[in-house]
Amino acid sequence: MTGMNENPLDLLPEVLLAASAVLGLLLGAWLPRRRQWLTGALAGAACIGGIVAAAIAAAGPVKTAFGESFAIDPVTAASRIIILGGTLLVLALATPRLYADPRETEFYVLLQLAAVGALVLAGAQDLLLLAAGYLLASVPAYALAGFRKDGPGAEAALKYYVVGALLGVLMLTGITVLLAAGRATAYPMLRSELAEAPAGLVAVGTLALLAGVLFKAGGVPGHFWVPDAVQGSSAPVAAFLTTIPKVGALAALYRLGAVPLADADLPWADLVAVLSVASMTLGNLAAFFQQDVKRLLAYSTISQVGYLLLPVAVAGRTDLDQVALLYYLAGYALTNLGAFAVICALPGAHTIDDYRGLARAHPALLASLVVCLLGLVGTPPTAVFLGKLEAFSAAFDGGYAWLAVVAAVNTVASLFYYLRWIAPAFLARGPAGDPRTTSRTAAVIACGAAAGSVVLGLLGGTVLDVLGGPLAP
């Protein structure tokens, strides 16, 4: 650290969320049970304040904070807004379910701490800070997965923890190897040092590091926890686990490819391309005949990682990579949270057959579900459509046309299992037709997210212009 840029205001979004978590924990110890919603309101206010602070910082110059360990650039700014906005939606989904719960405050605190970890991952420009962000994003999430303290929740938390601990140790091993190879942990120094380091050492360290980061993203080979953790946790937690950590992890992967590993003697693009194909193909194949809707969306998120890895594979090879990744992340977060909001709105519907009759009983919910699921496929005019188009264009422009073709084939294949979910909703009245099982708050959020996905898609040209810009030096 140089000591010349240690300004906590540079990390204001992160500071606001962390301070809200600490203050909320203290307040929760004194507030009566029916007043603990105030800690949730405090968390929401911190998210809104963080979004405003992130937007203001985005208008300023590109720089680093605390030496060169944290980058403040377009990637960090966009990730902050997506993560904080997504966390705000999850809070809105969870609050009605948690009202007067004995552990309501603990939930809000854990959610905020995990979100802070995702923020740190997105802006980390030092391997040690990357490891700290990984741990902060992981440990609270383990507790969230088992928050219900029932059998499926305990199994979800255990599997999530075991895989996370294993790949976390592997990630730390990779960081140690890269430190030995590059004699530094800061990304700018590693870029020059790794270019002259032994290729084998760099390859081993990078593979181990990738395994840990892909665990947070939910992609191959760190995907094993996703279906069981998502199915066993509550719907708001499942929405969080499949969205927020993914944003921070993919931003971190992009920065790794664009800065420290850009000049290394390592086939980065080929390696990430193989992981991309594996993630999208495995996720789609496993989702084909799933009956549980949360498990189906869990495999869907694995396949989405594959598409999101397209711009990561060509990081630094084209001018389209950064804007494609950031826009796709924004569209995916909004659309995926909208799909989970529909699940939250119908707490009694667990399988595809439970959605029979949704068209007659709740047409607005069905419309939201159709928009979100077809949006995840990449149907215009939703945001994911333009995000996929930009990702495919980045792959073509970066010399990986074959990868874009494979992604397009997988996109068409994914239409099958999304339609399997939509089709029963148009059949005769079924369990979903009981209006007493509907959560009004979640239904409003689902409709809003679906509408937001369409609006973001229609405003894509304007948004894409904002997402460009250089990375921090």
Show the nearest heavy-atom pair for residues A407 and L310, with the distance to one decimal. CB-CD2, 4.0 Å
Any T301 side-chain heavy atom under 4.5 Å of Y332 side chain: yes
Among E155, R295, K294, find the one that has a side-chain hydrogen bond (donor to acceptor under 3.5 Å, both in side chains) with Q231. R295
Answer with yes or no whether the side chains of D292 and T351 bring together a donor and an acceptor at under 3.5 Å. no
Provide the closest heavy-atom pair for A313 versus A273 in the form atom of the first, atom of the second, distance. CB-N, 4.1 Å
Tell me whether T318 contacts the main-chain N or O of G398 through its side chain, where contact means a donor paired with an acceptor under 3.5 Å. no
What's the separation between atom OG1 in T335 and atom CG in L456, rounded to the nearest 0.5 Å? 8.0 Å
Donor-acceptor contact below 3.5 Å, side chain R80 vs main chain G123: no
Flag, side chain of E193 to backbone of M189, donor-acceptor distance under 3.5 Å: no
Do side-chain atoms of E68 reach the backbone of P188 as a donor and acceptor pair under 3.5 angstrom? no
For the residue pair N284 and S414, confirm or rule out a side-chain donor-acceptor distance under 3.5 Å. no
Quick one: are Q290 and Y417 in side-chain contact, heavy atoms under 4.5 Å? no
Is there a donor-acceptor contact under 3.5 Å linking the side chains of S300 and Y418? yes
Does the pair L373 and V377 meet the rule for a side-chain contact (heavy atoms from CB on, under 4.5 Å), with working shown? CA-CA 7 Å; L373 293 184; V377 175; over 6 Å; no
So do the side chains of L119 and S79 get within less than 4.5 Å of each other, counting heavy atoms only? no
With ring-ring contact (aromatic ring centres under 6.0 Å, His included) as the test, pick out the partner of F215 among Y161, F224, Y160. Y160
For the residue pair T281 and V220, establish whether any side-chain heavy-atom pair is separated by less than 4.5 Å. no
About how many Å separate CG of L253 and CG of L210, when rounded to the nearest 0.5 Å? 6.0 Å
If only atom types and distance count, is the side chain of S138 paired as donor or acceptor with the main-chain N or O of Y134 below 3.5 Å? yes
Do you see a donor-acceptor pair shorter than 3.5 Å between the side chains of Y307 and N410? no
Classify the angle between the aromatic ring planes of F288 and F416 as parallel (below 30°), tilted (30 to 60°) or perpendicular (above 60°). perpendicular
Please report the interatomic distance OG1(T185) to CG(L190), rounded to the nearest 0.5 Å. 7.0 Å
Derivation of the side-chain hydrogen bond (donor to acceptor under 3.5 Å, both in side chains) call for Q112 and S20: CA-CA 8 Å; Q112 290 176 92; S20 171; 2.6 Å; yes
Should D397 and R317 count as an ion pair when the cut-off is N to O under 4.0 Å? no
If you count every heavy atom of other residues, nucleotides or ligands that lies below 6.0 Å from D150 atom CG, does the total exceed 12? yes
Ignoring hydrogens and geometry beyond distance, is a side-chain donor-acceptor pair present between Y254 and D321 at under 3.5 Å? yes
S453 side chain to T382 side chain, donor-acceptor N/O pair below 3.5 angstrom: no
In Å and rounded to the nearest 0.5 Å, what is the CG to OG1 distance from L261 to T206? 4.5 Å
For the residue pair V384 and Y328, establish whether any side-chain heavy-atom pair is separated by less than 4.5 Å. yes
The test is side-chain contact (heavy atoms from CB on, under 4.5 Å); show your working for Q322 and L467 and say whether it passes. CA-CA 8 Å; Q322 180 176 305; L467 297 177; 5.8 Å; no
Flag side-chain contact, heavy atom, 4.5 Å: L403 against V277: yes
Nearest heavy atoms of A92 and I445, plus distance in Å: CB-CD1, 3.4 Å
Enter the distance from K159:NZ to W225:CH2 here, rounded to the nearest 0.5 Å. 13.5 Å
Going through the checks in order, is the side-chain contact (heavy atoms from CB on, under 4.5 Å) test met by V202 and D265? CA-CA 8 Å; V202 175; D265 185 14; over 6 Å; no
For T76 and A122, work out which heavy atoms get closest and say how close. OG1-O, 3.9 Å
Would you confirm whether W268, through its side chain, and V312, through its main-chain N or O, come within 3.5 Å as a donor-acceptor pair? yes
Starting from the C-alpha separation in whole Å, work towards a yes-or-no answer on side-chain contact (heavy atoms from CB on, under 4.5 Å) for L374 and L415. CA-CA 8 Å; L374 294 184; L415 183 62; 4.0 Å; yes
Side chains of L209 and V177: closer than 4.5 Å at any heavy-atom pair? no
Heavy atoms of Y327 and G460 approach each other most closely as OH-CA, 3.6 Å
Under 3.5 Å, side chain of K216 to main-chain N/O of A249, donor-acceptor pair present? no
Less than 3.5 Å apart, any donor N or O on the side chain of T242 or N336 sitting next to an acceptor on the other? yes
CZ/F240 to CD1/I83 distance, rounded to the nearest 0.5 angstrom? 8.5 Å
Locate the shortest heavy-atom distance separating R420 from I352; write the atom from each residue and the value. O-CG2, 3.2 Å
In terms of side-chain geometry, is the basic nitrogen of R255 or D73 positioned less than 4.0 Å from the acidic oxygen of its partner? yes
Determine whether more than 12 heavy atoms belonging to other residues, nucleotides or ligands lie under 6.0 Å from atom CG of D270. yes
Tell me whether T379 contacts the main-chain N or O of G375 through its side chain, where contact means a donor paired with an acceptor under 3.5 Å. no
With heavy-atom distances below 4.5 Å as the criterion, would you say the side chains of V406 and W402 are in contact? yes
